[in-house]
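Have a look at the structure below before the remarks.
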Amino acid sequence: MIRFSRNPIRPFLCLIGIASGILFGMEPFAFFPAGGLSAVCIYILFLELREWKLKSAVFWILGLSQIINLIVFFWIPSSISAISGAGTSVSWTLFLVYGIFSHFKLIIFYLGWNFSLFLYNKYINSPEKSILFGWAIFPIWGILSDLIMPQLFPWYWGNLAEGNLSFSQIASWAGVFGVGFFLLLGGSSLVLIRNPFGQRYGISGILIFGVVWTLGGFRLYSAPDYTVPNSTPAIEDGILKLSGVLIQPNTSPGKRELAENPEFVGQTISTSLELGLRSSLETSPPPDLLFLPESAVPFHGTIPNENPGQGVYSSTFHGALMYLTYKSGADILYNELNRFPEGLKNQVTLLSSSNGEVVRYDKRRLLAFGEYIPFESAFPFLRKLFKETSFYITGGNPKPLIGNRSFRRERIPSLPTEEETPLIQNPDHFRPILTSSGKEENVSYQILPLICYEAMFSYLVRDSVKFASKDTYTFFVNPTNDSWFSSEIEAWQHGGAVRFRAIEFGLTMVRPAVTGISFAVDPYGRSLNHPTRYGEKDTRSFLLPATKLKNGGNTFYSEWGNFPFYLYTILVFTLFFLVGKKTFFKTKD
């Protein structure tokens, strides 16, 4: 059995290797070997820590959590201050506490792996078999810790494969957790080769890693190519093709003092209107859908309130949207804030260009210290520390947004006229014009919205698919506001994580972000347009392929979830503990 000295240099180098591998394995660097380095280093670290006392091992893991915080998520303290109004000392305290709790999965990872080895050695008492067992359960505990521990801004081991789209295709069968499983398996197999007894098993693990990677590459290679039709909507080869436009207005963070600032509000509305009208004239085929990000126009909504003094309704915002859909002929997806008797809701709304009707989705997963304060009811003084934090409430079950596009309706985008401009503040003026008469051949589509970081959680996405209409052309939309974080690194990390949802569920993902990074990817994670630059004010047009949602989902993972992983876990522990002592191992003479 390989033994390590208790030299602190070795585990410290492993800690730096793991954190650096996480940083450079994820977007924007997306360097696949860096993710592999992190998997190798975490296995070497665990082997090293087995030679240390348990308290010392836990100390090293806690140190790892803070090093990951400082190297990978360095943008969090300033983000806490910006989004909640907290002071520097409070933000850094929360940041350090966050490092312990959000990365507590690393402690579970090590303790679960180490305790399993302890029980196995006690039961089997064979050093050689222990090496093999430790290697077999290493990726199991890595993924179990990902699944068990909740995280505020989640990262998973599978995210370290963002730099290789072929390998990432594993997510269509096993999710991002499966991608992480095989990454950890490959990393530990490289280390196992060093051991004479485990060499053949390490080679087997590397071969499995290679086979899975090859299968992912074959899936990507066999993915369909999308040709742009002369007009949209169009249905070709069972795929609904729509023309879409992402609008990135680069709106500054909507701090509380700006809520009643008419100049700021007017500028945000005019920017989105200008970009939408310009893109409608420049896009060919003309857009079927315009996508506005979260907080493109902060603080305001389009539902009139009974008590105007307490409402957030903006007739100008409402009128600008009605005017934009009239001029562009496109359906518009936008974010708004509306007040209800029970409280404020962060909503995504789809506005139909054919009749002016809307359907809305309520955000289900709120951002702590940004949209609500945890434990505020028990500790009301927290509101004094986090003055910028909003008072939002969560929505109920996910609701798909159903839209219709006519095959025959004429769309002639044009510039605003002098007669139209003064009427923008009157939403009802354009409503009769929008009403369509007569029978038209049309096609239905449905949008599964995921507001901001909701798209980082596979279980929330699974719920959206569960409540969606079956046998309907479907795609995801992830309107996002990352302007609070003031970090291009964060924007890319967020976007890279969201890409996996498209692969996992086999649906196109459209991600409009207020300051960047805005992009759209197809069901294979391939880019449908050039992503916007961070801090850029611009639009991106793209062909939007929507596929029908089959029963259970469009991929193996969407139907079966993590069942293969749980099955593997049960089989491994069963073989090693119940069958292994008698039949699985060949003892030496």
Side-chain angles (χ1 to χ4, degrees), residues 18-19 22 26 42 58 61-62 64-66 68-69 72-73 75-77 79-80 83-84 91 93-113 139-160 171 174-181 184 346 363-379 382 386 389 392-398 450-466 478 480 482 485 490 493-494 496-498 500-501 504 557 561-562 565-566 569:
I18 295 166
I22 294 172
M26 295 193 295
I42 192 72
V58 172
I61 299 297
L62 288 174
L64 173 61
S65 72
Q66 296 301 349
I68 291 175
N69 246 16
V72 184
F73 305 111
W75 45 265
I76 289 181
S79 302
I80 295 174
I83 202 170
S84 68
S91 298
T93 300
L94 274 178
F95 175 61
L96 297 176
V97 172
Y98 169 84
I100 295 174
F101 285 95
S102 189
H103 299 148
F104 195 78
K105 68 176 186 177
L106 299 171
I107 296 180
I108 293 179
F109 188 0
Y110 174 73
L111 293 181
W113 177 79
I140 289 178
W141 277 108
I143 304 310
L144 281 176
S145 65
D146 271 349
L147 289 166
I148 292 172
M149 281 304 300
Q151 300 177 80
L152 184 60
F153 188 89
W155 67 271
Y156 307 114
W157 293 104
N159 291 124
L160 309 190
V176 68
F177 303 108
V179 177
F181 175 89
L184 291 173
N346 188 352
K363 188 174 184 180
R364 294 172 286 152
R365 178 72 180 255
L366 301 179
L367 178 63
F369 301 105
E371 296 173 313
Y372 78 103
I373 299 177
F375 312 113
E376 182 179 8
S377 58
F379 306 101
L382 292 174
F386 308 104
T389 302
Y392 296 171
I393 60 173
T394 58
N397 292 329
L450 302 156
I451 302 178
C452 201
Y453 89 134
E454 284 185 323
M456 299 185 75
F457 302 92
S458 295
Y459 72 91
L460 285 176
V461 182
R462 182 179 295 279
D463 286 343
S464 294
V465 174
K466 176 182 176 182
N478 177 223
T480 301
D482 285 334
F485 302 104
E490 182 280 335
Q493 288 175 351
H494 191 178
V498 167
F500 271 102
R501 305 294 88 79
E504 285 175 339
Y557 175 76
N562 298 309
F565 167 73
Y566 294 129
T569 300

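Rounding to the nearest 0.5 Å places CD1 of Ile42 at 6.0 Å from CG of Leu106. To the nearest 0.5 Å, the span separating CG on Leu94 from CZ on Phe101 amounts to 11.0 Å. Atom SG of Cys452 is separated from atom CG of Leu366 by 11.0 Å, given to the nearest 0.5 angstrom. A distance of 7.5 Å separates CZ in Phe153 from OH in Tyr98, rounded to the nearest 0.5 Å. How far CG of Asn69 is from CG of Leu64: 10.5 Å, rounded to the nearest 0.5 Å.
Annotation: salt bridge (charged side-chain N to carboxylate O under 4.0 Å, His left out) contacts of Glu371 (sequence neighbours excluded): Lys363. Applying the side chain to side chain contact (heavy atoms under 4.5 Å, CB included) test to Arg365 and every residue at least two apart in sequence or in another chain returns Tyr453, Glu454, Phe457, Tyr459, Leu460. The side-chain hydrogen bond (donor to acceptor under 3.5 Å, both in side chains) search around Asp482 returns His494, Arg511, not counting sequence neighbours. Scanning for side-chain hydrogen bond (donor to acceptor under 3.5 Å, both in side chains) contacts around Ser79 gives an empty result, with sequence neighbours left out. The ring pair (Phe, Tyr, Trp, His ring centres under 6.0 Å) search around Phe500 returns none, not counting sequence neighbours. Applying the side chain to side chain contact (heavy atoms under 4.5 Å, CB included) criterion to Thr569, with sequence neighbours excluded, gives Ile140, Phe565, Phe573. With sequence neighbours left out, Phe104 forms a side chain to side chain contact (heavy atoms under 4.5 Å, CB included) with Ile107, Ile108, Met149. Partners of Ser84 under the side chain to side chain contact (heavy atoms under 4.5 Å, CB included) rule, at least two apart in sequence or in another chain, are Ile80, Ala86, Phe369, Phe386, Thr389. Judged as a ring pair (Phe, Tyr, Trp, His ring centres under 6.0 Å), and not counting sequence neighbours, Tyr372 has no contacts. Residues forming a side-chain hydrogen bond (donor to acceptor under 3.5 Å, both in side chains) with Trp113 (at least two apart in sequence, or on another chain): none.
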Could you give me the CA-CA distance, side-chain angles and deciding distance for Tyr557 and Ser458, then say whether side-chain contact (heavy atoms from CB on, under 4.5 Å) is met? CA-CA 11 Å; Tyr557 175 76; Ser458 295; 3.7 Å; yes

What do the steps show when you test Asn478 against Arg501 for side-chain contact (heavy atoms from CB on, under 4.5 Å), and what is the final call? CA-CA 10 Å; Asn478 177 223; Arg501 305 294 88 79; over 6 Å; no

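Looking only at side-chain heavy atoms (C-beta outward), Ile83 and Leu367 come within less than 4.5 Å of each other.
The minimum heavy-atom distance between Val498 and Ala455, with the atom names listed, is CG2-CB, 3.8 Å. Across all their heavy atoms, Ser65 and Gly99 have their closest contact at CB-O, 3.3 Å. Here the shortest heavy-atom pairing between Met26 and Asn159 reads CG-O, 3.6 Å. Of all non-hydrogen atoms in Leu450 and Ser464, the two that sit nearest each other are CD2-OG, 3.8 Å. Taking each heavy atom of Pro139 and Leu184 in turn, the nearest pair found is CB-CB, 3.9 Å. Across all non-hydrogen atoms, the minimal contact from Gly142 to Phe109 is N-CE1, 3.2 Å.
Applying the side-chain hydrogen bond (donor to acceptor under 3.5 Å, both in side chains) test to pairs two or more places apart or on separate chains, those with a residue in residues 142-155 are His103-Trp155, Lys105-Asp146.
Under the 3.5 Å distance criterion, the side-chain polar atoms of Glu504 are matched with a main-chain donor or acceptor of Val176. Judged purely by atom type and a 3.5 angstrom limit, Gln66 uses its side chain to pair as donor or acceptor with the backbone of Leu96.
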